Number of protein chains: 2
Amino acid sequence: MPRVSKRQKLLEAAALIVHNQGIDALTLDAVAKQAEVSKGGLLYHFESKEALVKGLVQHMDNIYRENVEGSTKEDSEETGKWTRAFVNTMYKQSLENKEISAGMLAAQGINPDLLKPLQETYDHWQEQIQQDGLDDVQATILRLAVDGLWLSEIFGLGTLDQEMRKRVLETLLEQTHPKEKS
Amino acid sequence: MPRVSKRQKLLEAAALIVHNQGIDALTLDAVAKQAEVSKGGLLYHFESKEALVKGLVQHMDNIYRENVEGSTKEDSEETGKWTRAFVNTMYKQSLENKEISAGMLAAQGINPDLLKPLQETYDHWQEQIQQDGLDDVQATILRLAVDGLWLSEIFGLGTLDQEMRKRVLETLLEQTHPKEKS
DNA sequence: GAAACTATACAGTCCAGATGGTATAGTTTC
DNA sequence: GAAACTATACCATCTGGACTGTATAGTTTC
């Protein structure tokens, strides 16, 4: 009677472990225990550790895609909509669901090739952002800044206080609207 | 009579392994082999794996500090010098010495607390950047953008082509000089 | 100035425990 | 009755790191 499938629970458990204890602590036993699933149950869903990490990356990729692509469709303003969608999504994620980036860290740790799906998604977004009706360099800088925000959250490097974070976001979003002057 | 101390070689070997194969491949045996040092030799210099990673982080911290702080001292223009130093340093590192960020990944993997020295360094820089004579939000955005560039290189997410990267850097640097208008 | 000793910088081996993964037998849910 | 598990035992391999051994450069003692 899996209301929330155990598969989901396993992914969340794995992400949580990576987030809190680092990827060295990501063992099959630990994930099973955290998810309150037997080891057999884990291996029923993910036949290997690599498969688990693959699932983590895919999960992350799905969530990001849904958010970004959904966001572009709701945006009534054509110009800058990809850039806006990216900024909004990444910013939101960096607040809500920090564990989600765990998939990325885990993949880098175990087998960097597993990052491919995410890399392709990102490459696609970067293309859109460069053709978003804005100055391509300026749009790219906005994108990079949000990624920087994300990096700072993941590793705790020069994190901004709430006020500053808010002002940064507002400024970034402002700049996704075409300017009158220069 | 160690010309280049084996300690250095060990650190470089460890960073290379993390960079190429991910941190799961960072075993004492692998590092020793890569550095052409025996395992005993490794443990002479670093009494534990954690100590090795600590060394990696410290090494990274040192290099960054030297670069950023050195750069501020050479800068003849007072306004924006920290922001400029940061942008220049991180950009340079992202090209030259990609393995250097391995320390960060390794620390996150093994024991996130090991990141502390780097975190303190970054917090200090962030303070300086916010009081750099520029608009504090704008300066912070520049800083974040370079970090984003760094993230994109580390994980291969939406990497920019050479031309775009160059234009981005130039634009970022331009913006570290105070503007006449608005 | 030679012998005795110390410190440093490694080499190489060994082992207890952890880990990924297999197997198997049974149980619950739809 | 098949899918989705639980529970547990088991194994081969890997890993950290303790431990012992050794070469050499420098220091002290007489």
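Computation of the quantities below employed the complete heavy-atom set of this structure, encompassing side-chain atoms and omitting hydrogens, waters and symmetry-equivalent molecules. Numbers restart at 1 for each chain; the letters A, B, ... are given by sequence-line order, proteins then strands. Not measured: the values here are computed from a predicted model.
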| task | Please check the phosphate of C:dA9 (OP1 and OP2 only) for any side-chain N or O of B:Tyr44 closer than 4.0 Å. | result | yes
| Range-with-range stems of DNA chain C (Watson-Crick or G-U pairs under 3.5 Å, three or more in a row) | C:1-30 with D:1-30
| request: Starting from C1' on D:dT8, measure out to CG on A:Leu42 and report it in whole angstrom. | output: 15 Å
| task | Look at atom CD of A:Glu170 and say whether more than 12 heavy atoms of other residues, nucleotides or ligands are closer to it than 6.0 Å. | result | yes
| query | Is the backbone N or O of B:Gly156 less than 3.5 Å from a side-chain atom of B:Thr159, with the two atoms forming a donor-acceptor pair by type? | reply | no
| request: At under 4.0 Å between heavy atoms, which parts of nucleotides 19-25 of chain C does protein reach? Answer with one letter per nucleotide, 5' to 3': B base, S sugar-phosphate only, - none. | output: SBBB---
| message | Test your reading of the model: is there a side-chain donor-acceptor pair from B:Gln21 to the backbone of A:Pro112, 3.5 Å cut-off? | response | no
| task | Flag yes if more than 12 heavy atoms outside B:Lys54 fall under 6.0 Å of its NZ atom; otherwise flag no. | result | no
| query | Is the backbone of A:Asp136 close enough, under 3.5 Å, to the side chain of B:Arg167 for a donor and an acceptor to pair up by distance? | reply | no
| When you measure from the side chain of B:Gln119 to the backbone N and O of A:Phe155, does any donor-acceptor pair fall under 3.5 Å? | yes
| task | Write down the distance between NZ (A:Lys6) and P (D:dA3), rounded to a whole number of angstrom. | result | 19 Å
| query | Between D:dC5, D:dT6, C:dT8, which nucleotide has the shortest distance from any of its atoms to the side chain of A:His45? | reply | D:dC5
| task | For A:Lys33, enumerate each residue passing the side-chain hydrogen bond (donor to acceptor under 3.5 Å, both in side chains) test, keeping only those at least two apart in sequence or located in another chain. | result | none
| field | Within residues 140-152 of chain B or reaching into it, pairs that qualify as side chain to side chain donor-acceptor pair (under 3.5 Å) - sequence neighbours excluded | value | B:Tyr122-B:Asp147, B:Gln126-B:Thr140, B:Gln126-B:Arg143, B:Arg143-B:Asp147
| Just how far, in rounded Å, is P of D:dC5 from CZ of A:Phe46? | 11 Å
| request: Return yes when atom CD of B:Glu47 has more than 12 non-hydrogen atoms of other residues, nucleotides or ligands closer than 6.0 Å, and no otherwise. | output: no
| Main-chain N/O of B:Ser71 paired to B:Asp75 side chain as donor or acceptor, under 3.5 Å | no
| said: For A:Thr121, give me all partners under side-chain hydrogen bond (donor to acceptor under 3.5 Å, both in side chains), at least two apart in sequence or on another chain. | reply: A:Asp61, A:Arg65
| request: Under 4.0 Å from any atom of DNA chain C, heavy atoms only: list the residues of residues 51-60 of chain A that qualify, in numerical order. | output: none
| query | Over how many whole Å does the gap from B:Lys33 atom NZ to C:dG12 atom C1' extend? | reply | 15 Å
